[in-house]
Amino acid sequence: MMENEKEEPIQSYINEKDINLVDDLCSESSSQSKIYTKDINIYAWGKNKYGELGINNARAAFIPSPVKSLKLSVINQVASGGRNSMILTSDGQILVCGSNIFNLLASNSKIQNNEVYQKVFKTIKFFEENEEKIKEIAVAEFHSLALNENGEIYGWGGNLYNKLGQTNGLCGLPSKIFIKRKIVSIACGDYHSCALSENGVLYTWGGGGESYNKGQCGQGSKKDVESPKKVEFFTKKGLHVVKVACGGYHTIVMDEKNELYGFGKGVFGQCGYGQNEDTDIPKKINFNDKNLNKIIDIKCGGEHSLFLSDNGKVYSCGHGYFGQLGLGNNKNVKSPILVNSLSNKNIIEIAAGWSHSLTLTDSGFVYSAGCGKFGELGLGENTNRYNYTWIRKLGTMNIKHIFAGGHHSWCIIDDKYPLKEKLIEPEPLEKPNYRMNKRKHSVSDKDMSFNEQNNIRNKSSDSGYFNKNINRFNNNLANSFDDFKKRGNYQNNINLIQNNEIRKILDDYNEKRNNTDNNIDTIIDYIDTINSQNSKNIRTHNLIKNENKISSFDKDKNRIDNYNSISKEQNNYMPNNSLEDENNDKDNLLDNSNQIENINNDNEYN
């Protein structure tokens, strides 16, 4: 084991340069043929810090981009980890790009502890020189696996926690991982690996040590497994496993009876067996859907799982914070649930990245949901999507396959008929399963990011109710949050009103304003209530006190000391009469119909 090898799970970050690209990408023409490149049948988008998209740069791609280094290649599979990506061609060769830390690129036998980036796909010469024909590949954060046509497994990369099934710490050129049986399928997570033999026996190895071993090897303990070992749970029961998928720290398998089992990390419900806890023993997954016939495919993301049924329906469970479950909210789900929004679509393929998901319909339309920080949704923006959203940029292409891994997404187009005759937009999706969790979104909330604050402000502006009232008090209100905060006392005109009943209504209004995502109509009603109450009280009560005693609307504000500056600032909002005349004749103010009309007009905007 390498003493210097230090591996961490995928972490969230975003390159400032990537953010700067979003506006440029969004400003491009909406013509679908813009991104199509002749003789290129694979497109990639998402994180690209290490050049892992193979598009000859190290900038994130927020819309699908042609992988020009793979011109005229016939591609069978794409696999991505946190730092590198691999392509399996139809002739059994592997091409790789991205970071070479721990020799992930399999370029030489010398161990690479420093990160060297390869920004275009290049063939792994080891397999080419040894005339090895590969039929399946798997990539994780720090190690990779390849299965040849003879049923033998090769592994390379970091070997921390024995995830390569070796004890000598080698991680240079690909080396065989010995299993007596012929292997037909492979999979790997961050710190564990799996292999499925031709007779339905599941082998697992690796673990993750005390920090990351959550039982994902399914061996009945949380001890690391040094070399491939049968999962006795299935062999003792006489169950033959036919499919296996690995998430970051969990594993999902399916047996020949179409029954599914999950094990490993389960705190978010990603194992799907109905509990939010880890397990080192496989537990059965139950689907509470009477219309479900059988599951035909499984895909695991970092901490969520996707399931595809034979009738084209999608089910999901696990971590939902970024919307990767596609259920219309950010809740975690501990048992697979039908994605209602896709129920009017016939889904033929699914794909899962670390915190995002992709689906492909039988009409060739691609939908994405989940985390969008790195552009992995392909929508030209860096925001999350809680519902599946059609990737319009792929609209005119005949998409044949989709793949996802890490914070990356891929699609392969039909090499014979790459473009559709014309773009026919898909029918709208059905309503999502749930509404979003109700959260208080206040522009003064320090826990909110600038983007969230900006989104709330934009929604408020779009609805018209927010700026309509603020602009009455601040003619030069800037768009930035900081400037808005400085001008936060937009009720300075109302500061003259000391009626407790109105103050209570205003407080209630501000509380309701926090629910801007789902309660715009309610807020408008409250504003109308404020206007009505202000007019009623101003007509019936003497609510204007001595200007030298003007107090701040918020209790935590200091009294305004300088009357002249306040009167000057409020000059545009007070009646035409001078403040001096008003002070001398307050009793006559409410009797003067013209003055009352001016006050009422002012308060219509309060």
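- Using a distance-only test at 3.5 Å, with no hydrogens or angles considered, a donor-acceptor pair links the side chain of Gln324 to the main chain of His319.
- There is a side-chain donor-acceptor pair under 3.5 Å between Ser357 and His304.
- Judged by distance alone, the side chain of Asp255 and the main-chain N or O of Asn258 form a donor-acceptor pair under 3.5 Å.
- When all heavy atoms of Ile391 and Leu377 are compared, the pair lying nearest together is CD1-O, 3.3 Å.
- The main-chain N or O of Ile134 is never found under 3.5 Å from a side-chain atom of Asn148 such that the two would form a donor-acceptor pair.
- Summarising the geometry of Cys97 relative to Gly51, their closest heavy-atom pair is SG-O, 3.6 Å, with the distance given to 0.1 Å.
- For Glu132 against Tyr154, the heavy-atom pair with the smallest separation is OE2-OH, 2.6 Å.
- Residues Ser80 and Glu52 bring no donor and acceptor atom of their side chains to less than 3.5 Å of each other.
- With Glu277 as reference, Lys283 is the one residue of Lys283, Lys334, Lys214 to meet the salt bridge (Lys or Arg N to Asp or Glu O under 4.0 Å) rule.
- The side-chain heavy atoms of Leu147 and Glu152, taken from C-beta on, include no pair separated by under 4.5 Å.
- In this structure, Asn48 contributes its side chain and Ala61 its backbone to no donor-acceptor pair below 3.5 Å.
- Between Ile94 and Leu88 the shortest side-chain heavy-atom distance falls below 4.5 Å.
- Judged by distance alone, the side chain of Thr279 and the main-chain N or O of Ile281 form a donor-acceptor pair under 3.5 Å.
- The backbone N or O of Gly82 sits less than 3.5 Å from a side-chain atom of Lys47, completing a donor-acceptor pair.
- Rounded to the nearest 0.5 angstrom, Tyr212 OH and Leu160 CG are separated by 9.5 Å.
- Looking only at side-chain heavy atoms (C-beta outward), Val67 and Leu53 stay at 4.5 Å or farther from each other.
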Using the salt bridge (charged side-chain N to carboxylate O under 4.0 Å, His left out) rule, take Arg83 and Glu141 through it: C-alpha gap first, then chi angles, then the decisive distance, then the call.
-> CA-CA 6 Å; Arg83 298 168 181 261; Glu141 179 80 352; 3.8 Å; yes

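- Not one N or O on the side chain of Asn286 forms a donor-acceptor pair closer than 3.5 Å with the backbone of Tyr273.
- With sequence neighbours left out, the side chain to side chain contact (heavy atoms under 4.5 Å, CB included) criterion links Asp280 to Lys222.
- With no hydrogens or angles considered, no side-chain donor-acceptor pair links Asn293 and Asn311 at under 3.5 Å.
- In this structure the side chain of His192 never reaches within 4.5 angstrom of the side chain of Thr204, judged on heavy atoms.
- Nearest approach of Gly272 to Pro336, heavy atoms of both residues: O-CD, 3.4 Å.
- Residue Asn84 holds its CG atom at 9.0 Å from CG of Asn100, rounded to the nearest 0.5 Å.
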Evaluate ring pair (Phe, Tyr, Trp, His ring centres under 6.0 Å) for Trp156 paired with Phe127, printing each intermediate quantity in order.
-> CA-CA 12 Å; Trp156 65 98; Phe127 297 110; 5.7 Å; yes

Hey, can you pull the donor-acceptor pairs under 3.5 Å for the side chains in residues 294-301, sequence neighbours left out?
{"from": "Asp297", "atom 1": "OD1", "to": "Lys299", "atom 2": "NZ", "distance (Å)": "3.2"}
{"from": "Asp297", "atom 1": "OD2", "to": "Lys299", "atom 2": "NZ", "distance (Å)": "2.7"}

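- For Thr396 (side chain) and Leu394 (main-chain N/O), no donor-acceptor pair under 3.5 Å exists by modelled atom type.
- Residues Leu419 and Met397 share a closest heavy-atom pair of CD2-CG, 4.1 Å.
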Chi angles and distances behind the salt bridge (charged side-chain N to carboxylate O under 4.0 Å, His left out) call for Lys133, Glu149 | CA-CA 6 Å; Lys133 300 295 182 181; Glu149 58 185 2; over 6 Å; no

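- Without hydrogens or angle criteria, Gln216 side chain to Gly207 main chain gives a donor-acceptor distance under 3.5 Å.
- Asn398 and Asp414 share no side-chain donor-acceptor pair at under 3.5 Å.
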Are Tyr386 and Asn330 close enough, and set up right, to give a side chain to side chain contact (heavy atoms under 4.5 Å, CB included), and what steps lead you there?
-> CA-CA 7 Å; Tyr386 299 91; Asn330 58 356; 3.6 Å; yes

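- Of all heavy-atom pairs between Ile252 and Gly262, the closest is CD1-CA, 3.9 Å.
- In this structure a side-chain-to-backbone donor-acceptor pair under 3.5 Å is missing from Trp390 to Tyr367.
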Starting from the C-alpha separation in whole Å, work towards a yes-or-no answer on side chain to side chain contact (heavy atoms under 4.5 Å, CB included) for Tyr261 and Leu202.
-> CA-CA 12 Å; Tyr261 298 83; Leu202 179 65; over 6 Å; no

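- Annotation: the span from Asn213 atom CG to Tyr161 atom OH amounts to 9.5 Å, rounded to 0.5 Å.
- From His250, atom NE2 reaches atom CZ of Phe268 across 11.5 Å, with rounding to the nearest 0.5 Å.
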Step by step, would you call Phe263 with Phe233 a side chain to side chain contact (heavy atoms under 4.5 Å, CB included)?
-> CA-CA 11 Å; Phe263 46 97; Phe233 174 88; over 6 Å; no

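- Using a 4.5 Å cut-off on side-chain heavy atoms (C-beta onward), Tyr43 and Lys393 make no contact.
- Taken from SG in Cys317 to CZ in Phe307, the straight-line distance is 4.5 Å, to the nearest 0.5 Å.
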Candidate pair Ser193 and His143, rule side chain to side chain contact (heavy atoms under 4.5 Å, CB included), full reasoning | CA-CA 9 Å; Ser193 303; His143 75 293; 3.0 Å; yes

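- Using a 4.5 Å cut-off on side-chain heavy atoms (C-beta onward), Leu429 and Asn387 make no contact.
- Looking only at side-chain heavy atoms (C-beta outward), Phe365 and Lys345 stay at 4.5 Å or farther from each other.
- The shortest side-chain heavy-atom distance between Ser368 and Leu379 falls under the 4.5 Å cut-off.
- Looking at His408, His356, His407 one by one, the single match for side-chain hydrogen bond (donor to acceptor under 3.5 Å, both in side chains) with Glu376 turns out to be His407.
- For the atom pair Leu260 CG and Tyr315 OH, the distance stands at 12.0 Å (nearest 0.5 Å).
- Every residue meeting the salt bridge (Lys or Arg N to Asp or Glu O under 4.0 Å) condition with Lys265, not counting sequence neighbours, appears here in chain and number order: Glu303.
- Residue-environment remark: NZ (Lys229) stays at or below the threshold of 12 foreign heavy atoms within 6.0 Å.
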